Amino acid sequence: MAFPQAFPAAAAVLPFPGRQAALRLALSPPHLAGTEIEALRATLESGWLAPAGPAPVAFEAALGRTTGFAASLATTSGTAALHLGYRVLGVQPEDEVWAPALTFVATVAPAVQMGAVPRFLDVTPDGWGMDPALLAEELAAAARRGRLPRVVVPVDLYGQCCDLDAIIAACDRWGVPVMCDSAAAMGAQQRGGRHAGRGARLAVFSFNGNKIITAGGGGALASDDPALIARARHLAGQAREAWPHYEHETTGYAYGISSVLAAIGLAQLPALEARVLRRRAIFATYAEALADLPGLGFIAEPAWGRANRWLTVLRVDPAGFGADREHLRRALDAAGVESRPAWKPLHLQPAFRDAPQTGGGVAAALFETGLCLPSGSGMAPADQDRVIQVVRHHARR
Ligand SMILES: *Cc1c(COP(=O)(O)O)cnc(C)c1O
């Protein structure tokens, strides 16, 4: 069996060149660095295919250098890392777990499966992240009720850092730990140039196929407390005790990343800064090319941080623009362009109909009007022009 010897540009952008998919412009397809095949060959030849051996160790070390966290555990997915985070923070049935209303379901899914009760807090209309002022108020109210959350889980939405310093300050007052869902924020920076998630007790990253850096599936849990990561590592390996036979004081998971995937992630990581710059340039091109159209908006980047602009998200005000988000999405689809509505807020999801909630109007409005545009770092300028032309064509004139 032969591997392709080289990856031409089209293959880097489109997962199945030559097939139907090649005609469609995808939202955020994997972008190969070019060194993956070599890394895979070396891994296969080493004989290490299990979630053990040199590749996961090297990948974790590289993650530490990239993010600045003292300890990292590479996992099978970002969702698995979140699950381990909830376990090591001691989440129990009936505990409350607080998250922003506007996020991907995986932020809270593992906690819900553990019997925890999610509470969804509204986001800010400019940066789309958890609102620290609202959080401070709600924590004070929860303290009066005698039911503080076990953990607060803010999210770096679409690769834009939440106001983590303010969120941690609000939580520190009540001794509540923070786990930052930075799954989409590899390479994003917050105040002082610190990497996304830094400062939180735990941070979670994803290397899923559509993220800015991919391992073909994978994630990581990171912390400045090596004891927490050691505990998570134990659970990720079936909670096997150090005996010759299989001895277990508790049950764990098969969540360690495979060497094969770690090798891909390791090959991808050196390209991170280039990928961030490219996605930021894609955002800037959209923003500039659509600046004169009425009724459009974007996620505002705060002066103190640098988003990785994983996805460019357009806000479409139908009254000003002349067409609504869904109209635009269908028009793009008909032109062979994949776009996607912003996350449907979790407090509006049938799965969480019984969850307590606080506000959520901002998140609901962002869902109604938000549209994620193709943002893959391998996208050709001509393809981005195609997207821009379709959007311009539907604007009021
Ligand atoms: C991608 C993502 C996840 C889940 O990561 P997986 O690796 O796909 O499990 C969780 N939260 C957010 C915000 C994400 O974007």
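Counting starts at 1 for both ligands and their atoms, following the listed order. Note that this is a predicted model, so its numbers are computed, not measured.
Counting heavy atoms from C-beta on, the side chains of Gln160 and Asn308 never come closer than 4.5 Å. In this structure the side chain of Arg201 reaches within 4.5 angstrom of the side chain of Leu228, judged on heavy atoms.
With a heavy-atom cut-off of 4.0 Å, Ser77 touches ligand 1 through backbone and side chain alike.
One distance of note links CZ of Arg275 with CZ of Arg278; it measures 10.0 Å at 0.5 Å rounding. Going from atom CD of Gln190 over to atom CH2 of Trp304 covers 7.0 Å, rounded to the nearest 0.5 Å.
When Ala215, Ala184, Ser206, Ala220 are checked for heavy-atom proximity to atom 7 (O) of ligand 1, Ser206 turns out nearest. For atom 9 (O) of ligand 1, the candidate residues are Thr75, Thr79, Asp181, Leu157; the nearest heavy-atom contact is made by Thr79. For the residues Gly209, Ala183, Pro100, the heavy atom positioned nearest atom 3 (C) of ligand 1 is part of Ala183.
Stacking of Arg315 on the aromatic ring of Phe321 is not recorded, the 6.0 Å distance cut-off and the 45° axial limit not both being met.
Atom numbering of ligand 1 starts at 1 in the shown order; those under 4.0 Å from a heavy atom of Gly218 are 7 (O). Atoms of ligand 1 lying under 4.0 Å from at least one heavy atom of Asn208, given by number and element, are 7 (O), 8 (O). In the vicinity of Gly78, heavy-atom distances shorter than 4.0 Å reach the ligand 1 atoms 5 (O), 6 (P), 7 (O), 9 (O).
If you run side chain to side chain donor-acceptor pair (under 3.5 Å) between Ser377 and each of Arg309, His31, Arg280, only His31 comes through.
Atom 1 (C) of ligand 1 has as its closest protein heavy atom Lys211 NZ, 1.6 Å.
Salt bridge Asp383/Arg386: present, at least one basic N to carboxylate O contact under 4.0 Å.
Using a 4.0 Å cutoff on heavy atoms, Ala81 does not count as a contact of ligand 1.
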